[in-house]
Amino acid sequence: MDSVDLHVHSTASDGSLTPRQVVAEAKAQGLRALALTDHDTIDGLAEALTAGCALGVEVIPGIEISAHHEPGSMHILGYFLDHGSPQLEAQLRILKQARADRNPQIVAKLQKMGLAITLAEVQQASGGGQVGRPHIAQVLVRKGYVATFQEAFERYIGNHGPAYVSKFRFPPQEAIAMIRAAGGVAGLAHPFTLEYSSSGHLRQILTQLVSWGLAALEVYYPEHTPENQELYRHLAQEFGLLMTGGSDYHGAIKPEIRLGQVGPGQTVGYEIVEKLKALAGRGEGRGEEGR
Ligand code: AMP
Ligand code: ZN
Ligand code: FE
Ligand code: FE
């Protein structure tokens, strides 16, 4: 089977494998293609593309951008980006700076609460890429302040936790626009994290996103219930969106997730890559296949 994984992280953000290692893992799992979609960065793409060539795995240059949304979180996936785009690079620099400003603030809050943790430890945990809360969680686990990664979020650094610090996020419209301007196709990741109140509410949000150029919806995802999947499939058809799927692989950070597995015994076929390719580079986001 020609399966693919369209949602994957590396050490360029908060995954535990380097871009090259992720591609090697895809090869080992027999995947035909993989989209590297690191949080707010394209820094892993060059290495992944080179490894893809060498190993015979098709690498789709992607990204996962955190967009401003209340109360939950909105992640916009981008596929087939021109990762040499200076404009995209400049926009992502803003997000990098936002993280650099925020991480010491979270660490300071934790220190005030009596936890002996330093920024240097967190940076070390990141393996040199973009630093995020998962790395802070890792350090808290390692130092015994919490028993699990999950507990770190629940007690300290989750969106409602006492050590949480928000950071700048682009509005959804801009996140979609920057992906399209770089020739990419924009899709909404794991819709359930929007914390919508009803299917009607989700439909409202999608109406807006589609008007701004959203062209795909992540229908297949390990945490989606059969009911989620059914609703998202239905909405994708209604709005003419491509149905993508991915594992959100992070390596050792989320050890229960396997590359290419988007649900119990579920995988995604290569056809979707061809459909995304057909839309890419148009800057208009939607085309034949999506209608
Ligand atoms: P950051 O980009 O630094 O704000 O970190 C966001 C990442 O932290 C998300 O992509 C998740 O991987 C992880 N995360 C956020 N909230 C939680 C939570 N409640 N439990 C576990 N992981 C979380
Ligand atoms: Zn992540
Ligand atoms: Fe996400
Ligand atoms: Fe992700």
Side-chain angles (χ1 to χ4, degrees), residues 5-17 19 22 34-44 60 62-79 92 94-107 109-110 119 122-123 125-127 129-141 146-170 175 187-195 216 218 220-224 244-257 259 261-262:
D5 194 328
L6 298 177
H7 190 154
V8 177
H9 297 272
S10 75
T11 48
S13 63
D14 56 357
S16 66
L17 299 188
V22 169
L34 129 117
L36 187 65
T37 56
D38 275 307
H39 298 285
D40 300 334
T41 184
I42 54 174
D43 291 351
I60 297 155
I63 195 165
E64 181 178 22
I65 300 177
S66 299
H68 188 80
H69 174 81
E70 294 286 338
S73 36
M74 180 184 284
H75 290 178
I76 307 287
L77 292 161
Y79 295 119
L92 294 178
I94 296 173
L95 297 180
K96 204 170 275 185
Q97 190 57 48
R99 270 178 195 279
D101 293 343
R102 171 220 214 188
N103 291 318
Q105 292 179 44
I106 296 181
V107 169
K109 278 197 170 187
L110 291 168
L119 189 60
V122 175
Q123 276 159 347
S126 80
Q130 187 104 279
V131 176
R133 282 182 288 163
H135 304 116
I136 297 176
Q138 273 179 298
V139 175
L140 293 180
V141 172
V146 289
T148 63
F149 184 82
Q150 198 58 38
E151 189 188 338
F153 280 89
E154 278 157 21
R155 281 181 59 190
Y156 297 109
I157 58 175
N159 291 8
H160 307 289
Y164 178 70
V165 177
S166 68
K167 66 174 172 356
F168 170 79
R169 291 178 160 88
F170 285 111
L188 176 64
H190 43 65
F192 74 97
T193 66
L194 295 176
E195 296 180 17
E218 190 168 60
Y220 306 101
Y221 187 82
E223 286 177 60
H224 288 172
T244 68
S247 67
D248 210 355
Y249 182 78
H250 279 74
I253 289 187
K254 298 184 185 176
E256 70 287 0
I257 299 292
L259 208 56
Q261 297 295 312
V262 296

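Throughout, numbering of the chain's residues begins at 1 and tracks the sequence. Ligands are counted one by one from 1 in listed order, and the atoms in each one are counted from 1 as well.
Scanning all protein heavy atoms for the shortest distance to atom 10 (O) of ligand 1 gives His39 CE1, 3.2 Å. Scanning all protein heavy atoms for the shortest distance to atom 15 (C) of ligand 1 gives Phe153 CE2, 3.3 Å. Nearest protein heavy-atom neighbour of atom 2 (O) of ligand 1: Arg99 NH2, 2.9 Å. Given atom 6 (C) of ligand 1, the protein heavy atom at minimum distance is Arg133 NH2, 3.7 Å.
In this structure, Ser247 contributes its side chain and Leu259 its backbone to no donor-acceptor pair below 3.5 Å. Panel note: side chain Thr11, backbone Ser16; no donor-acceptor pair is recorded below 3.5 Å. Using a distance-only test at 3.5 Å, with no hydrogens or angles considered, a donor-acceptor pair links the side chain of Tyr79 to the main chain of Leu6.
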Can you list the steps and then say if Asp38 with Ile42 is a side-chain contact (heavy atoms from CB on, under 4.5 Å)? CA-CA 7 Å; Asp38 275 307; Ile42 54 174; over 6 Å; no
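Taking 2.8 Å as the criterion, Asp248 does not count as a coordinating residue of the Zn ion (ligand 2), since none of its N, O or S atoms falls below it. One of the N, O or S atoms belonging to His39 lies under 2.8 Å away from the Zn ion (ligand 2). Between the Fe ion (ligand 4) and His250 there is no N/O/S contact shorter than 2.8 Å.
Per-atom contact check: atom 17 (C) of ligand 1 touches the protein, criterion being a heavy-atom distance below 4.0 Å.
Annotation: His75 places no N or O atom under 3.5 Å from an N or O atom of ligand 1; distance criterion only. Geometrically, ligand 1 and Arg169 share no nitrogen or oxygen pair separated by less than 3.5 Å.
At a cut-off of 3.5 Å, with distance as the only test, a side-chain donor of His250 or Asp14 sits close to an acceptor on the other residue. Of the N and O atoms on the side chains of His190 and Glu64, at least one donor lies less than 3.5 Å from an acceptor on the other residue. If you check the side chains of His224 and Glu218, you find no donor sitting under 3.5 Å from an acceptor.
The two residues Phe170 and Ala175 make their nearest non-hydrogen contact at CB-N, 4.2 Å. For Val141 against Ala147, the heavy-atom pair with the smallest separation is CG1-O, 4.1 Å.
The name of the N, O or S atom in Asp248 nearest to the Fe ion (ligand 4) is OD1. When you scan the N, O or S atoms of His7 for the one nearest the Fe ion (ligand 4), you land on NE2. Among heteroatoms of the N, O or S kind in Glu64, OE1 lies nearest the Fe ion (ligand 4).
Using a 4.0 Å cut-off to heavy atoms of Gly132, the atoms of ligand 1 that qualify are 3 (O). Close contacts between ligand 1 and Arg102 involve ligand atoms 1 (P), 3 (O), 4 (O) [criterion: under 4.0 Å to a heavy atom]. Interface atoms of ligand 1 facing Gln150, defined by a heavy-atom separation under 4.0 Å, are 18 (C), 19 (N), 20 (N), 21 (C).
Residue contacts with ligand 1 leave out Gly158, since none of its heavy atoms falls under 4.0 Å from the ligand.
Vertex the Zn ion (ligand 2); arms to His250 atom NE2 and Asp14 atom OD1; angle 80° (nearest 10°).
Ring planes of His9 and His39: parallel class, angle under 30° (limits at 30 and 60°).
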Donor-acceptor list for residues 154-166 side chains, cut-off 3.5 Å, not counting sequence neighbours:
{"from": "Arg155", "atom 1": "NH1", "to": "Glu151", "atom 2": "OE2", "distance (Å)": "2.8"}
{"from": "Asn159", "atom 1": "OD1", "to": "Arg133", "atom 2": "NH1", "distance (Å)": "2.9"}
{"from": "Asn159", "atom 1": "OD1", "to": "Arg133", "atom 2": "NH2", "distance (Å)": "3.3"}

